[in-house]
Amino acid sequence: MLGDADIEYWIGDDGAINYNLADGEAIDIIGNDVILTYIRRN
């Protein structure tokens with residue numbers, strides 16, 4: 001989903017997904033969408 005939203009991200013050496021802090025609001029929107037989708041399906 002991050003790539004679809006044109007958000008630059010990379011996988012760190014520890015396996016964590018990293019992104020530019022300027023994209024934080026867009027990340028929050030995606031996260032909320034994922035959580036709400038999960039809740040609706042369960």
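Side chains included, hydrogens not; waters and symmetry mates left out as well; all remaining heavy atoms used. Every value quoted in this text rests on a predicted model; they were computed, and no experiment measured them.
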Participant: How about CG on Asp13, more than 12 heavy atoms from neighbouring residues, nucleotides or ligands closer than 6.0 Å, or not?
Facilitator: no
Participant: Taking a hydrophobic cluster as the set of Ile, Leu, Val, Met, Phe, Trp and Tyr residues connected by side-chain heavy atoms closer than 4.5 Å, whether directly or through intermediates, do Ile7 and Met1 fall within one such cluster?
Facilitator: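 Same cluster: Ile7 reaches Met1 through Ile, Leu, Val, Met, Phe, Trp or Tyr contacts under 4.5 Å.
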Participant: Can you tell me how far the CG atom of Asn32 sits from the CD1 atom of Ile27, to the nearest 0.5 Å?
Facilitator: 11.5 Å
Participant: With rounding to the nearest 0.5 Å, note down the distance linking CD1 in Ile17 to CD1 in Ile11.
Facilitator: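 Reported value, rounded in 0.5 Å steps: 4.5 Å.
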Participant: Consider only side-chain heavy atoms of I, L, V, M, F, W and Y, link residues closer than 4.5 Å, and tell whether Tyr9 and Ile29 are in one cluster.
Facilitator: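 Tyr9 and Ile29: separate clusters.
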Participant: Does atom CG of Leu36 have more than 12 heavy-atom neighbours from other groups under 6.0 Å away?
Facilitator: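 Yes, enclosed.
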Participant: Looking at Leu2, Asp23, Ile35, Asp4, which hits side-chain contact (heavy atoms from CB on, under 4.5 Å) with Ile30?
Facilitator: Leu2
Participant: Could you tell me whether the side chain of Asn20 and the main chain of Ala22 form a donor-acceptor pair under 3.5 Å?
Facilitator: no
